[in-house]
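Heads up: the structure comes next, in C-alpha cells.
Just so we're on the same page: letters track the sequence lines, and every chain starts at 1.
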Number of protein chains: 2
Amino acid sequence: MNNSEAEARLSHHRLTIDNIDAALVFMLAERFRCTHEIGLLKAHYALPAVDKKREERQRVRLKQLAADAALDQVFLERLMAVIIDEVVDRHLAIAADFRASSR
Amino acid sequence: MNNSEAEARLSHHRLTIDNIDAALVFMLAERFRCTHEIGLLKAHYALPAVDKKREERQRVRLKQLAADAALDQVFLERLMAVIIDEVVDRHLAIAADFRASSR
C-alpha cells in the first residue's frame, strides 16, 4: 500500500467514526431525555436522589459490558463519570426548580 | 400516580438507560477499533498525527449534531475531549511501538 492508498484508508475509517459519533450523540440525547424524566419523578415523589444499590449494579454491569466489548474499563469508568456528574447536576437543578415552584 | 407507581416508572426508565448504556459501550468499542486502525496507518505511513482541518470539520459537525439532537453542546464537547484525549494517547503509544520495532 502506498501513501495515497493509506490516505484513502484513513478517509474510509474517518467516515465510520463520523457515523459512530452521530449514533453516540443521538444515544446520549435519548439518555438525557430519560434521566430528565427520572429527575422529575424523583423531585415530585420525593424519591431518594441517590440509590447506592442501583449504582453498584450499574458499575458491575458496565464492567462486564466493557469486558464483552473489549473496551478499556478504566477509560469507560472515566467517561461514565462525566455523564453521571452531568445527570446529578441536572437532577439537582430540577429538584431546586420544583422546591421553588412549590413554595 | 402514587409513590409505588412512581417507583415502577423509575424502574422502567432505568431499563431504557441500561439498554442505551450497552449501545454506547459497543459503539465506543467499535470507535476505538477504528481509531486503532488509523493509529497503525499513521505510524506505518508517517501520516501527520494531527489534522487541524479534520478536527475543525469534526467540531462543526458535532455542534450541528448536538443542536439536531437537543443535546447540550458544552457537555458534548467535554465528553468528546475525554474520548479524543484517549485516542491521542493510544496513537502516541502505537507510534512509539512502531519506532521501537523499526530500529
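- The heavy-atom pair separating A:Val82 from B:Phe75 by the smallest distance is O-CE1, 3.9 Å.
- Between A:Leu41 and the options B:Glu5, B:His12, B:Met1, B:Glu7, a side-chain contact (heavy atoms from CB on, under 4.5 Å) holds for only B:Met1.
- Of the atoms belonging to B:Ala6, heavy atoms from both backbone and side chain fall under 4.5 Å from chain A.
- Criterion: ILVMFWY side-chain heavy atoms under 4.5 Å apart, direct or through other members. Under it, A:Phe98 and B:Leu10 are not part of a common hydrophobic cluster.
- The contact between A:Ala66 and chain B is made entirely by backbone atoms, counting heavy-atom distances below 4.5 Å.
- Between atom CZ of residue B:Arg9 and atom CG of residue A:Leu40 there is a gap of 10.0 Å, rounded to the nearest 0.5 Å.
- For the set A:Leu79, A:Val25, A:Asp18, A:Leu65, the entry with the most heavy-atom pairs within less than 4.5 Å of chain B is A:Asp18.
- In summary, of the residues considered (A:Arg31, A:Arg59, A:Arg57), a salt bridge (charged side-chain N to carboxylate O under 4.0 Å, His left out) with B:Asp21 occurs for A:Arg31 alone.
- Side-chain atoms of A:Arg33 and B:Ile20, non-hydrogen and from C-beta on, never get closer than 4.5 Å to each other.
- In this structure, A:Leu24 is a member of the same hydrophobic cluster as A:Phe26, with clusters built from ILVMFWY side-chain heavy atoms closer than 4.5 Å.
- Under a hydrophobic clustering in which Ile, Leu, Val, Met, Phe, Trp and Tyr are joined whenever their side-chain heavy atoms come within less than 4.5 Å, directly or via other members, A:Leu76 and B:Met27 fall into the same cluster.
- Rounding to the nearest 0.5 Å gives a distance of 6.0 Å between CZ of A:Arg54 and CD1 of B:Ile17.
- In this structure, the portions of A:Leu28 lying under 4.5 Å from any heavy atom of chain B include both its backbone and its side chain.
- Only the side chain of B:Arg61 comes within contact range of chain A, with at least one heavy atom under 4.5 Å from a heavy atom of that chain.
- Under 4.0 Å is where a charged nitrogen must lie from a carboxylate oxygen, and between B:Asp51 and A:Arg14 at least one such pair does.
- Interface remark: B:Phe32 contributes side-chain atoms only to the contact with chain A (heavy atom separation under 4.5 Å).
- Both the backbone and the side chain of A:Ile83 come within contact range of chain B, judged by heavy atoms closer than 4.5 Å.
- No path of Ile, Leu, Val, Met, Phe, Trp and Tyr side chains, each step under 4.5 Å between heavy atoms, connects B:Ile38 with B:Ile84, placing them in separate hydrophobic clusters.
- The nearest pair of heavy atoms linking A:Ala69 to B:Ala29 is O-CB, 3.3 Å.
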